[in-house]
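These notes concern the structure reproduced below.
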Amino acid sequence: MPDATSAFIETMGRHFEEEGIPRIAGRLFGLLMVNEDPCSLDDMADRLRVSKGSVSSNSRMLEQWGVAERVTRPGDRRDYYHLADDMESRILERQMEHVVRMRERLREGLASMPDASDAVRERFRAAIAFQENTLEALGEALGRVRGGAPGR
């Protein structure tokens with residue numbers, strides 16, 4: 001593997017780790033970014049010099065997040081992974097689901113505390129408004145991604 005490719009893969013590992021995500025997930029993301037063809041779990045484990053179990057669990061995590069897709073090949077029982085073609089849309093949709101859940105929990109919290117002080121109620125309203133603004137911004141970004149608009 002060329003030095004620049006290895007360096008990029010390691011940079012992605014560190015980046016993911018800085019975000020609180022396992023380093024191996026970032027390294028897998030980096031590997032999938034630079035690989036044109038789907039990779040088998042065995043190939044990814046060999047190339048990253050990590051256990052197949054670690055690659056398997058982190059690949060499934062990337063798949064759940066919408067970043068990677070599992071594919072099969074006729075006559076081959078192994079699983080292969082590649083970056084999802086609509087990765088950007090999937091990531092934004094997942095973020096929107098998180099924001100909606102948070103907004104609803106904040107609304108429920110506010111409703112459950114009718115005797116809260118004005119300051120506490122305002123804090124809840126501000127947090128709800130922030131979630132709504134975030135949801136709107138993510139929706140606009142999703143529209144641009146799906147429409148292939150410039151600035152994507």
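Quick caveat: nothing in here was measured; it's all calculated off a predicted structure.
- For Pro22 against Asn58, the heavy-atom pair with the smallest separation is CB-OD1, 3.5 Å.
- At least one side-chain heavy atom of Met33 sits less than 4.5 Å from a side-chain heavy atom of Leu83.
- The distance from the CG atom of Leu32 to the CE atom of Met87 is 10.0 Å, given to the nearest 0.5 Å.
- Scanning all heavy atoms of the two residues, the minimum distance from Ala25 to Met61 falls at CB-CE, 3.5 Å.
- Of the residues listed (Ser54, Ser59, Ser51), the one engaging Ile24 in a side-chain contact (heavy atoms from CB on, under 4.5 Å) is Ser54, and it is the only one.
- Considering only residues two or more places apart in sequence or on other chains, Arg121 meets the side chain to side chain contact (heavy atoms under 4.5 Å, CB included) condition with Leu110, Ala116, Arg125.
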Output side-chain donor-acceptor pairs under 3.5 Å for residues 130-140, partner residues at least two apart or in another chain, one line each.
{"unit_1": "Glu132", "atom_1": "OE2", "unit_2": "Arg107", "atom_2": "NH2", "d": "2.6"}
{"unit_1": "Asn133", "atom_1": "ND2", "unit_2": "Ala129", "atom_2": "O", "d": "3.4"}
{"unit_1": "Thr134", "atom_1": "OG1", "unit_2": "Phe130", "atom_2": "O", "d": "2.8"}

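- Annotation: the span from Gln95 atom CD to His98 atom NE2 amounts to 5.5 Å, rounded to 0.5 Å.
- In this structure, CD1 on Ile128 lies 10.0 Å from CE on Met102, to the nearest 0.5 angstrom.
- Not counting sequence neighbours, the partners of Arg23 by the side chain to side chain donor-acceptor pair (under 3.5 Å) test are Glu17.
- With sequence neighbours excluded, the residues that form a side chain to side chain donor-acceptor pair (under 3.5 Å) with Ser56 are Arg60.
- Among residues at least two apart or in separate chains, there is no ring-ring contact (aromatic ring centres under 6.0 Å, His included) pair with a member in residues 53-90.
- Side-chain heavy atoms closer than 4.5 Å link hydrophobic residues (I, L, V, M, F, W, Y) into clusters, and following such links, possibly through other members, connects Val99 to Met96.
- Here the shortest heavy-atom pairing between Arg146 and Ser89 reads CG-OG, 3.7 Å.
- Legend: ring-ring contact (aromatic ring centres under 6.0 Å, His included) pairs involving residues 15-45, not counting sequence neighbours, sorted by first then second residue: Phe16-Phe29.
- Atom-to-atom distance recorded for Asp46:CG and Lys52:NZ is 10.0 Å, nearest 0.5 angstrom.
- When all heavy atoms of Asp43 and Ser40 are compared, the pair lying nearest together is N-OG, 3.0 Å.
- Cluster annotation: Val100 and Leu106 are assigned to distinct hydrophobic clusters (Ile/Leu/Val/Met/Phe/Trp/Tyr, side-chain heavy-atom contacts under 4.5 Å, transitive).
- Of the possible polar contacts, none joining the Ser6 side chain to the Asp3 backbone as a donor-acceptor pair under 3.5 Å is found.
- At least one side-chain heavy atom of Ile9 sits less than 4.5 Å from a side-chain heavy atom of Thr5.
- In terms of heavy-atom proximity, Gly26 sits nearest to Met12 at O-CB, 3.2 Å.
- Note that the CE atom of Met44 and the CZ atom of Arg27 stand 12.0 Å from one another [nearest 0.5 Å].
- In terms of heavy atoms, Arg90 sits closest to Gly66 at CD-O, 3.1 Å.
- Taking a 6.0 Å sphere around CG of Asp76, one finds it holds more than 12 heavy atoms contributed by other residues, nucleotides or ligands.
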